[in-house]
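As the structure is a computational prediction, the values presented were derived from the model and not from experiment.
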Amino acid sequence: MSPIRVATLAILLLLGCGCADRIDFANLGDQPADQERRILVTFIDRGIQRDLPGNSQDRYRTRGTYGNSSWSERIALKLAERHQLRFVAQWPVTELGVSCVVYEIPNALPLPQVIGELQNDDDVGTVQPMQSFQVLADHPAGNPTGDPYLPLQTAYNALNIGEWHKQATGQGVRIALIDTGVDLEHPDLKGQIDYSENLAPEPGDHNLADMHGTAVAGVLSARPDNGIGIAGIAPAADVLALRACWPEQPNALAARCNSFTLALALNQAIRMNARIINLSLSGPEDPLLKMLIEKALTKDIIVIAAVPGNPLAGGFPANIPGVIAVNQLDLNLKADGNQIAAPGRDILTTLPHESYDFMTGSSFATPHVAGLTALLLQLHPDWRAAEIKQQLLHPENLLSALNTD
């Protein structure tokens, strides 16, 4: 190897060491010009330890306990040198047994040529573009009636949640909420989130109390009977708040995710034995995310995803066979073809900084279904996704599930 190549590789290794135990999430931020030239590359890493000694998932181990192996870091840096790529980030997708690397292709190199060369590289498993996903929420709806609790109470009563809560509140059911950040100090959410982790770019003020995730969390798990605010559908469920998305603007409802951050969150949800995964988002078909969702389905994890109102937003991942797809409805619950339509209009829920407001969108219909699923699983822990979906597709018979005799 020439001295120049040795020096280049040494520099890359030094740079890589800085990323070995930690992802610089700031580098994964929403820079459209950068995203267009970023790709995800995976390769098999047989050194990934799926079950570390003494690793109890109930202890909610964080990402630091399963970082990249030295071997996978070397392969990632060699690929960067071989194909003249800029290394951005790397992480082991433990549930698929692969290492996933984000590279940026320099402007001087044509994308199709670089992708073709990588596809023909013996060290490479898969190559795909970095794709962008959107949460599915409209702007806050405002108060159409002058009574701040009436819309919520109507939906709550239409679903007979009060009757459900006499027998089930979601206790013992673990739900992974993959979204933006959640305001853990909101008085209706304090103590309701069992675990939180940031897997997305952090804002400059380090405030992870994002609007969209806080609103979805309120529908799902707001504390009941505390004399304030609202009540969630499954308030006793164990909620894992995995921040994979970030607001497009500070304090905005609209938010964005990408292939890499969603892959980290899905992998973590599977590792931590979530029983339900809530995805209030949508975007283009994505091979890596599809593999992870299919892996979750094989482990009997129930994946619930929002259907976009705008077809141009992309129907993935709700269109994956086995995923429970959720559309929005004004009130109640009904079958919509092979989809579930749930309350998603004028939903009063929690917002950061001790606030509440009305929200509209399939983003907020989805946690209604995730919450009902948690109630069903508490009563019928042996039920699988197909049985849950059949119950939801026939809501006229849903209350019969309360009879566990």
Side-chain angles (χ1 to χ4, degrees), residues 25 28-42 88-89 91 93 96 100 102 111 115 126-139 176-181 199-201 210-213 215-216 242-249 252-270 277-297 303-328 339 344 360-367 369-370:
F25 287 106
L28 299 173
D30 191 12
Q31 300 294 329
D34 292 339
Q35 295 296 317
E36 290 173 2
R37 300 196 66 84
R38 285 187 177 173
I39 56 173
L40 294 181
V41 174
T42 68
V88 178
W91 200 245
V93 183
L96 298 179
C100 180
V102 180
L111 269 69
I115 290 174
T126 65
V127 185
Q128 69 170 75
M130 175 74 83
Q131 307 202 90
S132 183
F133 294 77
Q134 300 277 354
V135 299
L136 296 176
D138 298 334
H139 57 78
L177 182 62
I178 297 178
D179 212 289
T180 66
L199 299 162
D210 298 322
M211 185 180 290
H212 191 273
V216 174
L242 302 176
R243 185 178 184 268
C245 310
W246 59 99
E248 293 184 337
Q249 301 292 333
L253 181 62
R256 186 178 297 274
C257 335
N258 64 36
S259 303
F260 190 65
T261 59
L262 288 173
L264 297 182
L266 284 165
N267 189 71
Q268 186 72 317
I270 298 169
I277 296 176
N278 187 101
L279 294 167
S280 291
L281 51 88
S282 187
E285 300 285 336
D286 190 287
L288 178 60
L289 300 183
K290 185 171 186 286
M291 285 191 290
L292 279 163
I293 289 171
E294 289 175 342
K295 178 72 172 182
L297 294 173
V303 181
I304 302 171
V307 175
N310 178 4
L312 297 179
F316 179 91
N319 60 1
I320 296 176
V323 170
I324 296 178
V326 182
N327 217 326
Q328 67 165 316
Q339 300 174 359
T360 293
S362 55
S363 273
F364 310 109
T366 304
V369 173

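Looking at Ile324 and Val369, their side chains come closer than 4.5 Å, going by heavy atoms from C-beta outward. Side-chain atoms of Thr126 and Leu288, non-hydrogen and from C-beta on, never get closer than 4.5 Å to each other. Residues Val88 and Phe260 are not in side-chain contact: their nearest non-hydrogen atoms beyond the backbone lie 4.5 Å or more apart. The shortest side-chain heavy-atom distance between Pro308 and Leu136 falls under the 4.5 Å cut-off. At least one side-chain heavy atom of Glu285 sits under 4.5 Å from a side-chain heavy atom of Asn319. Put simply, the side chain of Val216 does not reach to within 4.5 Å of the side chain of Thr366, judged on heavy atoms.
Between Arg256 atom CZ and Gln249 atom CD the span is 10.5 Å, to the nearest 0.5 Å. Atom CD1 of residue Ile320 and atom CD of residue Glu294 lie 6.0 Å apart, to the nearest 0.5 angstrom. Note: Ile178 CD1 to Leu266 CG = 4.0 Å, rounded to the nearest 0.5 Å. The line from CG of Asn267 to CG of Leu262 is 12.5 Å long, rounded to the nearest 0.5 Å. To the nearest 0.5 Å, atom CG of residue Leu96 and atom OG1 of residue Thr42 are 8.5 Å apart.
Scanning all heavy atoms of the two residues, the minimum distance from Ala176 to Ala269 falls at CB-CB, 3.6 Å. When all heavy atoms are compared, the tightest approach of Thr261 to Leu199 is CG2-O, 3.3 Å. Scanning both residues, Pro317 and Ile293, for their nearest heavy atoms gives CB-CD1, 3.4 Å. For the residue pair Ala265 and Leu242, the shortest heavy atom distance occurs at O-CD1, 3.4 Å. The shortest heavy-atom contact between Phe364 and Ala215 is CE2-CB, 3.6 Å. Closest of all the heavy-atom pairs between Ala318 and Ala306 is CB-O, 3.6 Å.
The main-chain N or O of His212 is never found under 3.5 Å from a side-chain atom of Asp210 such that the two would form a donor-acceptor pair. Distance alone, capped at 3.5 Å, is enough to place a donor-acceptor pair between the Ser362 side chain and the Val307 backbone. Between the side chain of Ser132 and the main chain of Asn258, no donor-acceptor pair closer than 3.5 Å is present. A distance-only check finds no donor-acceptor pair linking the side chain of Gln134 to the backbone of Ala254 [under 3.5 Å]. In terms of modelled atom types and a separation under 3.5 Å, the side chain of Ser259 and the main chain of Gln131 share a donor-acceptor contact. Looking at Thr180, its side chain does come within 3.5 Å of a backbone N or O of Gly213 through a donor-acceptor pair.
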*Evaluate the side chain to side chain contact (heavy atoms under 4.5 Å, CB included) criterion for residues Leu40 and Val102: first the C-alpha distance (whole Å), next the side-chain angles of each, then the deciding distance (0.1 Å), finally the verdict.*
CA-CA 5 Å; Leu40 294 181; Val102 180; 3.4 Å; yes
*asked:* Go through it in stages, so that I can follow the logic: the residues are Asp179 and Leu281, the test is side chain to side chain contact (heavy atoms under 4.5 Å, CB included), and I'd like the CA-CA distance, side-chain angles, deciding distance and then a yes or no.
replied: CA-CA 8 Å; Asp179 212 289; Leu281 51 88; 5.9 Å; no
